[in-house]
Amino acid sequence: MDIYQHFREEERPFIDQVLSWREDVELKYQRKLSDFLDPREQLILRTILGNTPDLIYGLSGGKENTERKRAIIAPEYEVIDEEDYQLALLEATYLTKFVTLEHRDVLGAFMSLGIKREKLGDLIVQDGKIQIVAASEISDYIKMNLTGVKKSSVQFEEKPMSHLLENSNEWSKKETTVSSLRLDVLLKEIYGMSRKKAVMHIEAKHVKVNFRVVENPAFLLEEGDLMSLRGKGRSRLEEVQGKTKKEKYKVTTGKLI
């Protein structure tokens with residue numbers, strides 16, 4: 001089976017990475033622990049490893065409903081425990097009376113320290129509290145070096161994973177018909193803008209699909225694709241139900257409230 005035919009051309013490097021991990025585990029009988037994977041990467045990994053004999057794999061980001069997760073690939077005779085994922089929950093508080101912090105503010109502070117996104121799991125900012133699930137190998141670095149976000153002083157401390165807050169994200173769903181599954185068409189429909197404006201956002205690099213910037217308005221979306229438009233939040237193509245008699249696509253979309 002040609003695994004590449006099931007995915008997009010730009011996903012080939014990650015597919016090759018997973019195939020390399022699989023081969024290493026098969027040849028060396030040593031488990032592999034990945035960095036954090038986004039949901040699309042997790043799907044690719046599950047597809048490739050789903051029916052692999054002599055291997056097992058697992059995914060964890062601290063709790064069942066976390067979005068970003070680390071993967072472990074191991075010989076079938078091994079047992080994967082939660083602590084094997086080497087996750088650390090770091091928490092800090094700030095005074096909401098004096099500063100308003102958003103997800104992008106905190107993530108930007110991490111990036112400014114030279115920390116790669118792949119070393120960070122889910123990030124929650126709510127009610128004066130910041131929580132980040134991080135690879136345990138960088139937890140001490142974060143605690144020592146990340147002492148401020150915008151104008152707020154913060155001090156991160158490690159907490160038990162059981163303290164991880166539930167993500168309060170709510171999605172509104174909508175059933176509609178669209179002329180095509182092009183990115184500009186779906187953006188127009190979901191965000192209530194003209195197609196011309198949707199194209200402008202795409203070409204200005206304001207749009208991501210599955211966490212990667214897409215600059216092509218004709219990019220074809222698939223069921224399950226997650227989109228984000230700068231300043232307008234996240235959305236996704238929940239389901240493609242088929243075509244109408246007029247050759248339009250019947251779709252269900254979701255938008256983060």
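Here, residue 1 is the first one in the sequence, and each next residue gets the next number.
The salt bridge (charged side-chain N to carboxylate O under 4.0 Å, His left out) with R31 is formed by just one residue from the set E76, E78, E26; it is E78.
Look at K196 and D184 and you find no salt bridge, because none of the NZ, NE, NH1 or NH2 atoms lies under 4.0 Å from a carboxylate O. A salt bridge does not link E118 with K116: none of the charged nitrogens is closer than 4.0 Å to a carboxylate oxygen.
Atom CD of E11 and atom CD of E41 lie 9.0 Å apart (nearest 0.5 Å).
The main-chain N or O of E67 is found under 3.5 Å from a side-chain atom of D122 such that the two form a donor-acceptor pair. Between the side chain of R230 and the main chain of V207, no donor-acceptor pair closer than 3.5 Å is present. The backbone N or O of K188 lies less than 3.5 Å from no partner atom in the side chain of R195, so there is not a single donor-acceptor pair. Side chain of T66 to backbone of K63: a donor-acceptor contact under 3.5 angstrom is found. Side-chain atoms of S136 come within 3.5 Å of backbone atoms of Q86 as a donor-acceptor pair (strictly under, hydrogens ignored).
Under the 4.5 Å side-chain criterion, counting only non-hydrogen atoms from C-beta, F219 is not in contact with I202. You'll find the side chain of Y4 reaches within 4.5 Å of the side chain of D16, heavy atoms only. With contacts defined as side-chain heavy-atom distances shorter than 4.5 Å, the pair K250/T177 qualifies.
The two residues R234 and F211 come nearest to each other via the heavy atoms NH2-CE2, 3.6 Å.
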